[in-house]
There are 2 protein chains.
Amino acid sequence: MLSPAAIRVSNAGNAIKVPERQTEAGPVPQALSDTIETGVQMSFARNAEIYGENEPADYLYKVISGAVRTYKVLADGRRQIGAFYLPGDVFGLESGEHHVFSAEAVIDSKIAVIRRSAVMGLAARDNDVARQLWVLTSRELRRVQDHIMLLIKTAQERVVGFLLEMSARMPSETQIELPMSRQDIADYLGLTIETVSRTLTQLEDSAAIELATSRRVLLRDRIALRRLNG
Amino acid sequence: MLSPAAIRVSNAGNAIKVPERQTEAGPVPQALSDTIETGVQMSFARNAEIYGENEPADYLYKVISGAVRTYKVLADGRRQIGAFYLPGDVFGLESGEHHVFSAEAVIDSKIAVIRRSAVMGLAARDNDVARQLWVLTSRELRRVQDHIMLLIKTAQERVVGFLLEMSARMPSETQIELPMSRQDIADYLGLTIETVSRTLTQLEDSAAIELATSRRVLLRDRIALRRLNG
DNA sequence: CGTGCAGTTGAGCAAATTCAACGCTTGTGG
DNA sequence: CCACAAGCGTTGAATTTGCTCAACTGCACG
């Protein structure tokens, strides 16, 4: 049973209207990720919807700055966050023609956007692009599998796992700057905000972490954290 | 906290040694899945290991008959089953060079095997194969995402979700022949065998299903099941 | 200086786990 | 052919974990 987190703003009406832009021949960039970056950039305000579940998956996205969450809401309001994407991450890759998850900006964000058809067209001609498309999808698969391994653990292990995961994705060795709320974390971990909060203070009491502010976490004892990670 | 299900046989020593076989030119089959089927077939006894975690991912597999589970065991013995593969399903596709999960035969099974390098070589020359490789990976991604949505639900919803999922993959409309044990189901759903068992009898008591035998389930009231699915 | 949102903390409760016992089926050796 | 052990599944009772409901704090913003 999860948190009925349906009551939250979603500055919709920010529909995507990216000007058509032909991807020219020229020298093929080695990284598809870089190709996306050459696309149009858009700004999204905190909590603005980037795309919705079941919408046609016409674009690929790359976070330039800010943070993005993808999520799905069940009939009764329970929300599951599928992933957080940080600067440099590519998202929006999905199997079929339509998105399975919705995507929102966690905080004000700049996102590079590229037409899927452009990439696909490129992939059809260029084998290397096709391979990278596949590699990106595989990486996503791997990430989701890791997420599953998180979800079967105890509350403490989930929170610790989340902190270690975020830490690995952040520049600083010991400091984590969380762009997301406790509700976001809870919905990512399949817990309630209360349990997340309690677990964090408990970790602080045991000197494993320090909560500089509620959004800034200092990892004080990585050894202990790794031990608590299950 | 999950079941310490580490104590289970694993008829190893069934190392894969597939004879090299050049994939000839000829007309390109439209389905990669069919291509795999043209490969060498191997038999695996119940509980035999097909590949292990961290082994090089040199092959692609397709279930001809039987059933396969992929899984990962945590340090303390908790096991999470990532997926069940039934006849017709392709598995073994992974991002990197090494498997992230282990794979075992749930029951005696026949598996078609093909060298990954052969497929990749084919993909390098043939765009269509590359695309299908990507489609298969995307489909797997989708499946894992659905699995996550299962794992955040209540015990009853998970069990019902599992039954509906299996039902959709089986020939019969109303009857499910389960190849796997309660332990397997529990480890797939992130529950204990006791909870799975109790939930099934509870579903039977409410006339939603009927347990012909412990491995044969009859779906008596799909409407009720869909309602209980969350 | 209030109002509102995010986060924390506490008390009681519900769901699922743990521990334990038992029944049924299957296979095996005497 | 029977007896018995082993594996699988079910059921019961006690316990634990995380959730629900509720109150309260701190902080940002008007």
Side-chain angles (χ1 to χ4, degrees), chain A residues 1-5 7-9 46-47 76-79 106-107 150-160 162 178-205 209-217 228 230, chain B residues 1-11 45-47 76-80 106-108 150-160 162 178-205 209-217 228 230:
Chain A
M1 193 67 67
L2 263 218
S3 40
I7 314 95
R8 225 158 303 129
V9 250
R46 188 170 106 95
N47 291 329
D76 64 354
R78 281 174 290 175
R79 182 183 70 159
V106 174
I107 52 177
L150 249 198
L151 290 178
I152 64 162
K153 299 186 183 180
T154 64
Q156 188 175 67
E157 288 167 340
R158 294 188 214 192
V159 172
V160 169
F162 170 74
L178 296 173
M180 72 289 285
S181 69
R182 293 289 186 270
Q183 185 66 65
D184 285 338
I185 299 174
D187 290 350
Y188 178 71
L189 297 178
L191 299 170
T192 59
I193 47 173
E194 293 95 333
T195 299
V196 171
S197 185
R198 272 187 258 270
T199 305
L200 285 172
T201 43
Q202 182 184 329
L203 287 172
E204 186 168 36
D205 289 347
I209 66 169
E210 184 183 331
L211 292 165
T213 73
S214 69
R215 300 290 185 104
R216 169 177 284 116
V217 184
L228 293 175
Chain B
M1 196 65 68
L2 263 217
S3 40
I7 314 96
R8 226 160 300 131
V9 250
S10 179
N11 326 5
R46 188 170 107 94
N47 292 328
D76 63 355
R78 280 174 290 177
R79 182 184 71 159
Q80 175 63 28
V106 174
I107 51 178
D108 294 354
L150 250 198
L151 290 178
I152 63 160
K153 298 186 183 180
T154 64
Q156 188 175 68
E157 288 167 339
R158 295 188 213 192
V159 171
V160 169
F162 170 74
L178 296 173
M180 72 290 285
S181 69
R182 293 289 186 271
Q183 185 66 65
D184 284 339
I185 299 174
D187 290 350
Y188 179 71
L189 297 177
L191 299 171
T192 59
I193 47 174
E194 292 96 331
T195 299
V196 170
S197 184
R198 273 188 257 269
T199 305
L200 284 173
T201 44
Q202 180 184 330
L203 287 172
E204 186 168 37
D205 290 348
I209 66 170
E210 185 185 330
L211 292 165
T213 73
S214 68
R215 300 289 186 103
R216 171 177 282 115
V217 184
L228 292 175

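Letters go in sequence order (proteins before strands), and every chain restarts at 1. The model shown is predicted, which means the values in this text are computed figures rather than measured ones. Worth knowing before you read on, the calculation uses all heavy atoms, side chains too, and leaves out hydrogens, waters and symmetry mates.
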Calculate the interatomic distance between [X] atom [atom1] and [N] atom [atom2]; express it in whole Å.
X: A:Met180; N: C:dA6; atom1: CE; atom2: P; answer: 15 Å
X: B:Gln156; N: C:dA16; atom1: CD; atom2: P; answer: 9 Å
X: A:Gln183; N: C:dT8; atom1: CD; atom2: C1'; answer: 14 Å
X: B:Leu200; N: C:dA16; atom1: CG; atom2: P; answer: 14 Å
X: B:Glu204; N: D:dT10; atom1: CD; atom2: P; answer: 9 Å
X: B:Ile209; N: D:dT10; atom1: CD1; atom2: P; answer: 10 Å
X: B:Leu189; N: C:dT17; atom1: CG; atom2: P; answer: 10 Å
X: A:Gln202; N: C:dG10; atom1: CD; atom2: P; answer: 13 Å

Answer yes or no: does a side-chain N or O of [X] lie under 4.0 Å from OP1 or OP2 of [N]?
X: B:Arg215; N: D:dC8; result: no
X: B:Thr192; N: C:dT17; result: yes
X: B:Ser197; N: D:dG9; result: no
X: B:Arg182; N: D:dT10; result: yes
X: A:Arg158; N: D:dG18; result: no
X: A:Thr195; N: D:dC19; result: yes
X: A:Thr201; N: C:dT9; result: yes

Exercise for review: Look at all strands and tell whether A:Ser214 reaches a base, only sugar-phosphate, or nothing, counting heavy atoms closer than 4.0 Å.
Suggested key: sugar-phosphate
Point to revise | pair A:Gln183-A:Val196: side-chain heavy atoms closer than 4.5 Å | key: no
Check your understanding: From C:dT17, D:dC19, C:dA6, pick the nucleotide closest to the side chain of B:Arg198?
Key -> C:dT17
Practice item. State which of C:dT9, D:dC19, C:dT17 makes the closest approach to the side chain of A:Glu194. Key: C:dT9
Review point. OG1 of B:Thr199 to CD1 of B:Ile209: how many Å apart, nearest 0.5 Å?
Key: 9.5 Å
Exercise for review: Working to the nearest 0.5 Å, report the span between OG1 of B:Thr154 and CG of B:Leu228.
Suggested key: 9.0 Å
Check your understanding: Below 4.0 angstrom, N of the basic side chain to O of the carboxylate: do B:Asp205 and B:Arg198 qualify?
Key -> no
Check your understanding: If every non-hydrogen atom of A:Arg79 is compared with every non-hydrogen atom of A:Asp187, which pair is closest and at what distance?
Key -> NE-OD2, 2.6 Å
